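Some notes on the structure that comes next.
What you are looking at is a predicted structure, and each value in this text was computed from that prediction instead of being measured. Numbering of ligands and ligand atoms starts at 1, following listing order.
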Amino acid sequence: MNVLLVYAHPEPRSLNGSLKDFSVKRLEDAGHVVQVSDLYAMNWKASLDANDSLDRQTGARFNPSLDSKRAFKDGRQSQDIALEQEKLRWADAVILQFPLWWFSMPAILKGWVERVYAYGFAYGIGEHSDARWGDRYGEGAMAGKRAMLIVTTGGWESHYSPRGINGPIDDVLFPIQHGVLYYPGFDVLPPFVIHRTSRIDEARFSEVRDALGQRLDDLWKTAPIPFRPQNAGAYDIPELTLRPDLAPDQVGFSAHIE
Ligand code: FAD
């Protein structure tokens with residue numbers, strides 16, 4: 001299988017750097033082909049702007065969505081964007097690996113998502129009408145591919161527990177797992193989260209490595225998070241609110257998980 005690892009940490013000798021190297025070796029030893037997009041090493045341009053289209057016209061009003069649509073359709077995207085899209089097409093599984101920074105991904109990785117997920121590539125696909133809101137949330141260009149997060153946090157596991165002060169980790173990661181990954185069609189596996197990173201010594205590092213290795217071995221076996229698909233009848237159209245008879249007492253993120 002082909003695995004794309006999109007990795008965002010500025011220091012190769014970090015915990016994230018060690019785990020990235022470990023993951024690549026483990027996957028390759030199991031016979032998979034791995035490509036790594038090491039965003040800091042690539043000096044990835046994080047901000048989406050008018051220069052993302054090769055047809056930028058001086059003085060023309062920049063429209064982030066429509067310019068992205070045109071550049072994608074005409075094959076006039078900046079080369080770095082097109083190369084990452086090609087890696088996504090190639091991949092059977094995509095891993096995003098990053099330290100949790102301010103409750104989300106580092107800006108460089110957010111910028112990868114914003115620029116690589118072009119209109120027509122990751123969104124704006126399929127019929128858009130009063131009766132249908134396109135192919136997304138379970139359908140779309142990434143359908144049939146798997147995705148997983150590897151995330152490190154300074155906070156303790158309890159800080160991210162159901163009543164923890166930071167909010168449950170599944171809620172913190174929901175915009176990435178449901179928004180960034182499920183939206184364009186990925187089957188999203190439960191995340192691999194390493195908490196309390198300041199307390200990692202050799203013994204704990206070895207435990208973490210073993211647990212991560214097992215998750216990588218199970219990449220094609222692990223059941224995805226059962227997010228509710230948009231176009232299978234669970235949502236009223238066109239409001240796209242969950243049908244009142246489904247999980248009637250639930251609101252918020254967890255209502256969108258079967
Ligand atoms: P490192 O600092 O590189 O390493 C952590 C520990 O692992 C060290 O003790 C190191 O000795 C050990 N280690 C590293 N490599 C090895 C190895 N090969 N073998 C054995 N031990 C090793 N945390 C939150 O919980 N929520 C937040 O919102 C949040 N926001 C942040 C925002 C910013 C801007 C920053 C800088 C940090 C934030 N943090 C937050 C903390 C952050 O998530 C952690 O610092 C990060 O996850 C640690 O990962 P690292 O790869 O940088 O670890």
Side-chain angles (χ1 to χ4, degrees), residues 3-30 32 34-48 84 93-115 147-182 188-217 219 222 225 252-254:
V3 183
L4 172 63
L5 203 169
V6 185
Y7 164 76
H9 197 292
E11 172 54 63
R13 289 158 296 179
S14 61
L15 174 64
N16 270 274
S18 303
L19 294 175
K20 183 259 293 168
D21 293 344
F22 168 79
S23 297
V24 171
K25 183 163 186 323
R26 182 77 168 223
L27 290 164
E28 287 181 345
D29 286 351
H32 304 302
V34 183
Q35 290 195 68
V36 179
S37 288
D38 181 343
L39 301 184
Y40 283 94
M42 292 157 67
N43 199 19
W44 178 259
K45 169 182 174 283
S47 36
L48 180 160
E84 294 305 299
V94 175
I95 295 172
L96 305 184
Q97 187 193 337
F98 57 91
L100 195 72
W101 280 0
W102 288 110
F103 301 94
S104 188
M105 51 174 91
I108 199 168
L109 179 53
K110 180 68 169 14
W112 181 90
V113 175
E114 290 176 13
R115 296 183 62 233
M148 180 175 113
L149 302 183
I150 299 177
V151 185
T152 59
T153 80
W156 299 14
E157 187 169 3
S158 59
H159 304 174
Y160 291 96
S161 65
R163 285 167 61 82
I165 187 157
N166 289 345
I169 193 70
D170 289 342
D171 286 6
V172 173
L173 298 179
F174 187 88
I176 302 174
Q177 300 198 126
H178 185 260
V180 170
L181 296 175
Y182 190 57
V188 186
L189 306 187
F192 184 79
V193 185
I194 303 143
H195 293 288
R196 205 177 181 184
T197 46
S198 64
R199 293 300 171 90
I200 297 202
D201 54 16
E202 282 304 326
R204 183 144 176 253
F205 182 75
S206 159
E207 284 169 20
V208 166
R209 228 178 18 194
D210 288 350
L212 176 57
Q214 192 59 56
R215 285 297 310 270
L216 296 172
D217 293 348
L219 205 53
T222 303
I225 302 169
F253 295 152
S254 62

Protein residue, atom and distance nearest to atom 28 (O) of ligand 1, heavy-atom basis: F103 N, 2.8 Å
For atom 7 (O) of ligand 1, closest protein heavy-atom neighbour: I200 CB, 3.5 Å
Atoms of ligand 1 close to S198 [distance to a heavy atom under 4.0 angstrom, numbered from 1]: 9 (O)
Between CZ on residue F192 and CD on residue Q214, distance to nearest 0.5 Å: 10.5 Å
Side chain, backbone, both or neither: Y160 near ligand 1, heavy atoms under 4.0 Å: side chain
T152 neighbourhood, listing ligand 1 atoms whose heavy-atom distance to it stays under 4.0 Å: 43 (O), 46 (C), 47 (O), 48 (C), 49 (O)
Flag side-chain contact, heavy atom, 4.5 Å: H9 against F98: no
Under 3.5 Å donor-acceptor, Y7 side chain and G17 backbone: yes
Shortest protein contact, atom 30 (N) of ligand 1 (heavy atom only): W102 N, 2.8 Å
Y160 ring center near H195 ring center (under 6.0 Å): yes
Distance in Å, E114 CD paired with L109 CG, rounded so as to fall on 0.5 Å steps: 10.0 Å
Distance in Å, T152 OG1 paired with Q97 CD, rounded so as to fall on 0.5 Å steps: 7.5 Å
Donor-acceptor contact below 3.5 Å, side chain S14 vs main chain E11: yes
Contact bool for atom 51 (O) of ligand 1 (protein heavy atom, d < 4.0 Å): yes
Atoms of ligand 1, numbered as shown, that sit under 4.0 Å from any heavy atom of P99: 46 (C), 47 (O)
Exam field: side chain R196 to backbone E157, donor-acceptor pair closer than 3.5 Å: no
Protein contact to atom 53 (O) of ligand 1 [nearest heavy atom, distance to 0.1 Å]: L15 CB, 3.4 Å
E84 versus S37, side-chain donor and acceptor atoms under 3.5 Å: yes
Atoms in ligand 1 with a heavy atom of N16 nearer than 4.0 Å: 49 (O), 50 (P), 51 (O)
Pi-cation contact, W156 with R199 (under 6.0 Å, within 45°): no
Side chain, backbone, both or neither: the part of S18 lying under 4.0 Å from ligand 1 by heavy atom: side chain
Residues F103, N166; criterion side chain to side chain contact (heavy atoms under 4.5 Å, CB included); working and verdict: CA-CA 9 Å; F103 301 94; N166 289 345; 3.8 Å; yes
Contact partition for H9 relative to ligand 1, non-hydrogen atoms under 4.0 Å: side chain
Best match, F22, W156, W101: closest heavy atom to atom 36 (C) of ligand 1: W101
Nearest non-hydrogen protein atom, atom 40 (C) of ligand 1: L100 O, 3.2 Å
Closest protein heavy atom to atom 8 (C) of ligand 1, given as residue, atom name and distance to 0.1 Å: T197 O, 4.0 Å
Nearest non-hydrogen protein atom, atom 22 (C) of ligand 1: F205 CD1, 4.2 Å
Per-atom contacts of ligand 1 with E202, taking only distances under 4.0 Å to non-hydrogen atoms: 19 (N), 20 (C)
Atoms of ligand 1 close to G154 [distance to a heavy atom under 4.0 angstrom, numbered from 1]: 23 (N), 24 (C), 25 (O), 41 (C), 42 (C), 43 (O), 44 (C)
